[in-house]
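Worksheet: the structure to be examined is printed underneath.
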Amino acid sequence: MNVANTKQTPQPAHSGLENYRRRVSATKRRSILDAARDEFQTNGFTRAAMAEIARKADVSTATLYKHFNSKEELFSAVINEAYERIEETDAELGEKGSVEEVITKVANNILSAQFDQGLNALMRAVIAEVSGQPEIGREFYERGVIQRQQAVAKLLDKLVKRGLLKPHDTEIAAQEVSGMLRESLIWPALFDPSFRLPKDKDKLISEAVATFVARYGA
């Protein structure tokens, strides 16, 4: 056995320092996003203050702007993260389970993001800014509506491929099933911050899923 070959090549000192700096930077970014989400949900976009976000995140204003060049960029990052969480939760869906089980799970994932992760408040903040900041509205619509419907359509494509749904325009179907949920469970919350999911939430989801399966079930 060659002892010389068992020796590990020492890492440059600067490598460990760089790794440490990256960890610190990631931790600060995480703190900024958490603080920003809280600030935007509480005060909306216009009244949210970058200095207050920095204070809540326990970082300097300079550090905040090092990570995000503007309040618009930070708001966009908060919105993107909210939808990325939904997509990550949905990633494994569609490969197994019945149509009813899969779509019910998708519905509950969406409602969890809306009510438990503060997406309703963020959506109200977007709606309040659309007239003065149309680019925010356009970006949110692309990320939160168009891309979300495309993700649901891809999920429905999996169910078609498994023979559980008949071939159809899954993009239109994604709009339809999402619309049934929005009408009774999401729109009320956008216009009434005190709205909470009703006790018959599961029944409403079940009826929406049944309507969908009656139309598209194989």
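Closest approach of A218 to G163, counting heavy atoms only: CB-O, 3.2 Å. Residues E129 and A125 come closest through the heavy atom pair CG-O, 3.2 Å. Scanning both residues, E73 and H67, for their nearest heavy atoms gives OE2-O, 3.8 Å. Nearest heavy atom pair, residue H168 against residue V160, reads CE1-CG2, 3.7 Å. Across all non-hydrogen atoms, the minimal contact from A35 to I53 is CB-O, 3.6 Å. Nearest heavy atom pair, residue A174 against residue A153, reads CB-N, 3.8 Å.
In this structure, the separation between CG on L33 and CG on D38 is 12.5 Å, given to the nearest 0.5 Å. Note that the CD atom of E176 and the CE atom of M180 stand 7.0 Å from one another [nearest 0.5 Å]. The distance from atom NZ of K201 to atom CG of L185, rounded to the nearest 0.5 Å, is 8.5 Å. Taking CD from Q133 and CD from E139, the interatomic distance works out to 11.5 Å, rounded to the nearest 0.5 Å. One distance of note links CZ of R37 with CG of D34; it measures 4.5 Å at 0.5 Å rounding. Atom OG1 of residue T27 and atom CG of residue D58 lie 12.0 Å apart, to the nearest 0.5 angstrom.
Within a 6.0 Å sphere centred on CG of N43, other residues, nucleotides and ligands contribute more than 12 heavy atoms. Counted within 6.0 Å of NZ on K56, heavy atoms from surrounding residues, nucleotides or ligands total more than 12; the atom is thus considered enclosed. Remark: K158 NZ is packed, more than 12 non-hydrogen atoms of other residues, nucleotides or ligands lying under 6.0 Å away. For E171, the CD atom sits in a loose shell: 12 or fewer heavy atoms of surrounding residues, nucleotides or ligands are nearer than 6.0 Å.
I103 is not listed as a side-chain neighbour of I205, based on a closest heavy-atom distance of 4.5 Å or more. Between R143 and E84, some side-chain heavy-atom pair lies under the 4.5 Å cut-off.
Between the side chain of R124 and the main chain of G44, no donor-acceptor pair closer than 3.5 Å is present. Panel note: side chain K71, backbone M50; no donor-acceptor pair is recorded below 3.5 Å. Between the side chain of R162 and the main chain of G97, a donor-acceptor pair closer than 3.5 Å is present.
Hydrophobic clustering (ILVMFWY, side-chain heavy atoms < 4.5 Å, transitive): V126 and Y141 are in distinct clusters. Hydrophobic clustering keeps L181 apart from V145 (ILVMFWY residues linked when any side-chain heavy atoms are closer than 4.5 Å, directly or through intermediates).
In this structure, R23 has no side chain to side chain donor-acceptor pair (under 3.5 Å) partners at least two apart in sequence or on a different chain.
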- Show your reasoning for whether side chain to side chain contact (heavy atoms under 4.5 Å, CB included) applies to L64 and L74. CA-CA 9 Å; L64 173 57; L74 178 53; 4.1 Å; yes
- Query: Checking salt bridge (charged side-chain N to carboxylate O under 4.0 Å, His left out) for the pair E81/R30: CA distance, chi angles, key distance, verdict?
  - Reply: CA-CA 11 Å; E81 184 178 59; R30 175 74 269 148; 2.6 Å; yes
- So Y216 and T170, side chain to side chain contact (heavy atoms under 4.5 Å, CB included) or not? Walk me through it. CA-CA 10 Å; Y216 297 108; T170 53; over 6 Å; no
- Message: Please evaluate residues V102 and V99 with respect to the criterion side chain to side chain contact (heavy atoms under 4.5 Å, CB included), reporting the C-alpha separation (whole Å), side-chain torsions for both, the decisive distance (0.1 Å), and the verdict.
- Response: CA-CA 5 Å; V102 171; V99 174; 6.0 Å; no
- Task: For side chain to side chain contact (heavy atoms under 4.5 Å, CB included), just list the numbers for R47 and T42, CA-CA rounded to whole Å, side-chain angles, deciding distance to a tenth of an Å, and then say yes or no.
- Result: CA-CA 9 Å; R47 290 189 297 153; T42 302; over 6 Å; no
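With respect to the salt-bridge test (charged N to carboxylate O, under 4.0 angstrom), the residues K203 and E207 qualify.
For residues 172-207, no pair satisfies ring-ring contact (aromatic ring centres under 6.0 Å, His included), with sequence neighbours left out.
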Please output the side-chain donor-acceptor pairs of residues 110-123 that fall under 3.5 Å, not counting sequence neighbours, one pair per line with the distance.
unit_1, atom_1, unit_2, atom_2, d
S112, OG, D116, OD2, 3.3
Q114, NE2, N120, OD1, 2.5
N120, ND2, Q114, O, 3.2

